[in-house]
Each structure stands twice: as structure tokens, then as C-alpha cells.
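Heads up: the structure comes next, in C-alpha cells.
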Amino acid sequence: MLVQFKDVNKKYSGKVALHNVSFEIPTGRVIGLLGPNGSGKSTIIKLMNGLIQPNAGSILIEGNKVGVQSHLDIAYLPERTYLNDWMRVRQLIEFFSDFYSNFDATIAAKLFKDLGIDLEDRLVAMSKGTKEKVQLVLVMARKAKLYILDEPIGGVDPAGRDYILNTIIKNYDTDSTLIIATHLIQEVESICDDVIFIHNGVIKLQGNVDDLRAEHGKSVDQIFREVFKCY
Amino acid sequence: MTWQFDNDKPIYIQLINILKLKIISGEIGVGEKLSSVRELAQMAGVNPNTMQRALAELEREGLVHSNRTAGRFVTEDKNLIVDVRNVYARTYISQLVQNLIPLGFSKKELMEFIQQELLEGENNVSAV
């Protein structure tokens with residue numbers, strides 16, 4: 001099993017963020033981690049990356065605790081930029097090549113070319129959507145076992161979303177697993193194998209997209225709207 | 001761009017239907033090689049696993065077969081394709097009938113409508 005969460009609890013200064021969360025994610029899947037704002041999606045992702053520690057429960061990546069090996073095996077796209085604004089795309093490629101032994105600079109350069117991004121452009125001169133694309137390329141150009149994308153399409157227009165999702169699918173290797181956290185369900189529904197619904201730190205529903213669609217006779221987006229109906 | 005999907009049905013079933021249509025319409029010819037799972041998934045805008053599931057189902061039905069090294073091909077069996085094509089037509093027509101009979105149309109009226117529609121279609125085609 002690639003990822004195992006067992007009875008994971010997380011509190012932020014007394015406020016419950018995750019309550020007894022358990023799930024398993026195998027290799028070779030595209031998983032949608034879906035939930036409204038503040039449901040715990042990013043908390044789960046930060047735990048997988050070892051950026052925060054659980055208050056209780058266990059988290060295993062490939063059967064081992066989160067650590068040096070899992071950092072290498074996980075390519076993570078955080079929801080906020082951590083890159084230096086003054087850097088040029090070319091410098092970012094060098095930066096990533098230095099940091100990650102599994103980063104493929106050739107693939108990155110090709111993807112930037114496909115997306116029409118100039119290697120001499122500086123981050124500071126880019127729109128929000130273009131910055132997101134740059135970060136996505138840097139993450140997808142790593143040969144990782146697990147790709148975790150936190151809101152990869154949030155700041156991008158609908159045409160750009162299709163483009164980004166296509167880029168993801170094109171570069172997704174079926175030997176790896178991809179986790180996409182988002183509340184834009186309709187957009188990701190057709191590319192996910194499985195979905196996990198989370199609400200107020202509790203898993204509400206999980207399963208195969210097509211099985212859920214068959215069972216409910218509705219799209220996952222519609223099921224989501226029912227499960228998370230706002231009063 | 002990508003293929004269009006209805007909200008209420010599993011995506012792999014819709015993929016099967018779209019691929020079947022491409023085969024019975026001849027868009028993908030008899031015995032023709034299919035694009036790779038990855039390429040098809042990209043065209044459709046779906047996950048490769050979902051496309052794989054649809055193709056496995058088409059294989060089970062005999063419409064496509066895979067050759068370990070060379071890839072996946074549409075069947076050489078023309079009769080099978082004709083069968084699938086006929087089933088498709090019957091399904092459509094029976095839906096039509098099921099929708100219209102309850103509204104009180106007689107069989108004769110339906111026949112007339114269909115004939116009229118076909119004639120008009122011919123006229124339109126010749127006009128072009």
C-alpha cells in the first residue's frame with residue numbers, strides 16, 4: 001500500500017482538524033481528495049509530506065514513516081507559492097535539478113515549451129495562472145511515486161484548467177499515484193479513479209468514481225452537493 | 001476537444017458507447033489499429049485506467065482484440081460489427097417508439113413521420 005492513514009487525529013491549538021481519519025491509497029490510481037473549504041484536505045496533505053505531525057494515529061508511506069525516503073518519493077504542489085519571485089524559469093529548473101535527484105530537466109523544458117512559457121521569464125512578471133502552471137510543471141517533471149497536487153487549478157481560467165488537467169493526464173505514469181485536492185469537482189471528476197469526501201475533519205464517503213456514479217445515478221459533483229448541502 | 005459525458009452514467013460505460021459508435025460508423029475501420037490507451041485517454045480527457053476499463057469491456061465483447069506486442073485492433077469480424085450496428089439501431093428505434101406510443105400516436109402515424117423525415121433528409125442532402 002502506497003499510503004496508509006490509521007486513526008489519524010490532528011488538532012490546531014485545540015481545534016479539531018482531523019478526527020479518526022483512516023484510508024489506504026494503492027499505487028496506480030488518480031485520487032480526488034474532495035471537500036469544502038476548511039474540511040481538512042490540506043491538513044491530510046501536509047501530514048503526508050511531514051510538514052506537520054499528527055496528535056494521534058499512524059501515517060505510513062510505502063510502509064515506512066514519513067521521512068527522507070518519502071520526501072524523495074512524493075512530488076508535492078502546495079497551495080501557496082514557495083518559489084522566489086525574482087527567479088527565471090531557467091533558474092527554477094536548475095534549482096529543482098539541484099534539489100531532487102529524480103527531477104528531469106529535459107521533460108520540464110519540454111512542458112514549458114508546450115505551455116508557451118519562456119525559460120527567460122521571471123516569476124514576478126507572470127500572472128497567477130501562469131505561476132500555477134510553472135509550479136505544476138516543476139512537480140510533474142519529477143519521477144515520483146506519489147504526486148500530490150493541492151488545488152492545482154484554483155487560480156486558472158476554465159480553458160486553462162482543461163489544459164492543465166490534460167497536462168496532468170498526459171504526464172501521469174500509471175506506475176505512480178496522483179492525489180488531487182480540490183473543490184472544483186466537476187473539472188476533475190472524469191480523470192479520477194477514486195474519490196475521498198472529507199467534511200469537518202471526518203471522511204464522509206470514499207469509492208470508485210464510476211461505481212459511485214452507477215450506484216447513485218448522479219455525477220460525483222451532484223453527490224457532493226447533496227452530501228455537503230449548505231443548510 | 002475532449003469527449004462529452006453525461007452526468008448520470010459511469011464514464012467507462014459512456015466511453016464504451018463512444019468507441020462502439022466510432023467502430024460501427026467506420027471512423028475506426030475493420031481491423032484497424034487503435035491508438036494507445038494513453039493517447040485515447042488523452043483524447044477523451046479521462047484517466048488511462050478508465051479508458052483501460054472500457055477497452056477491456058470491448059475486448060470481452062470481441063469488438064477489439066489485443067496483440068501482446070503490436071497493440072490493440074478492431075475485430076476483423078465484419079458480421080460482429082454489423083450485429084452491433086443493428087443492435088444500436090434497434091435500441092434507438094425502440095426508445096423512440098417507447099417515448100411516442102404513450103403520447104397516443106398510432107403505429108401508422110409513426111411510420112408516416114419516419115418516412116417524411118427520411119424524405120426531407122434526402123431533399124436537404126440534394127439541396128447541398
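Protein chains get the first letters and strands the later ones, always in sequence-line order, with residue 1 at the start of each.
- Across all their heavy atoms, S190(A) and G45(B) have their closest contact at OG-O, 3.2 Å.
- Looking at R29(A), its side chain never comes within 3.5 Å of a backbone N or O of N49(B) through a donor-acceptor pair.
- Within the 3.5 Å criterion, the main-chain N or O of I169(A) finds no donor-acceptor partner in the side chain of N47(B).
- Residue contact with chain B, scored on non-hydrogen atoms closer than 4.5 Å, is absent for D221(A).
- Within 6.0 Å of atom NZ in K6(A), 12 or fewer heavy atoms from other residues, nucleotides or ligands are found, so the atom counts as exposed in its surroundings.
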Requested in this report: For the pair V46(B) and I191(A), evaluate side-chain contact (heavy atoms from CB on, under 4.5 Å) and give the outcome as yes or no after the intermediate values.
Outcome: CA-CA 5 Å; V46(B) 301; I191(A) 66 167; 5.6 Å; no

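- Expressed to the nearest 0.5 Å, how far CE of M43(B) lies from CG of N166(A) amounts to 11.5 Å.
- For K170(A), the parts lying under 4.5 angstrom from a heavy atom of chain B are both the backbone and the side chain.
- Going from atom CZ of R213(A) over to atom OH of Y12(B) covers 12.0 Å, rounded to the nearest 0.5 Å.
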Report task. Please lay out, stage by stage, how D211(A) and R53(B) fare under the test salt bridge (charged side-chain N to carboxylate O under 4.0 Å, His left out). Result -> CA-CA 12 Å; D211(A) 291 347; R53(B) 190 169 173 186; 3.6 Å; yes

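- Between the CZ atom in R38(B) and the OG1 atom in T174(A) there is a gap of 6.0 Å [rounded to 0.5 Å].
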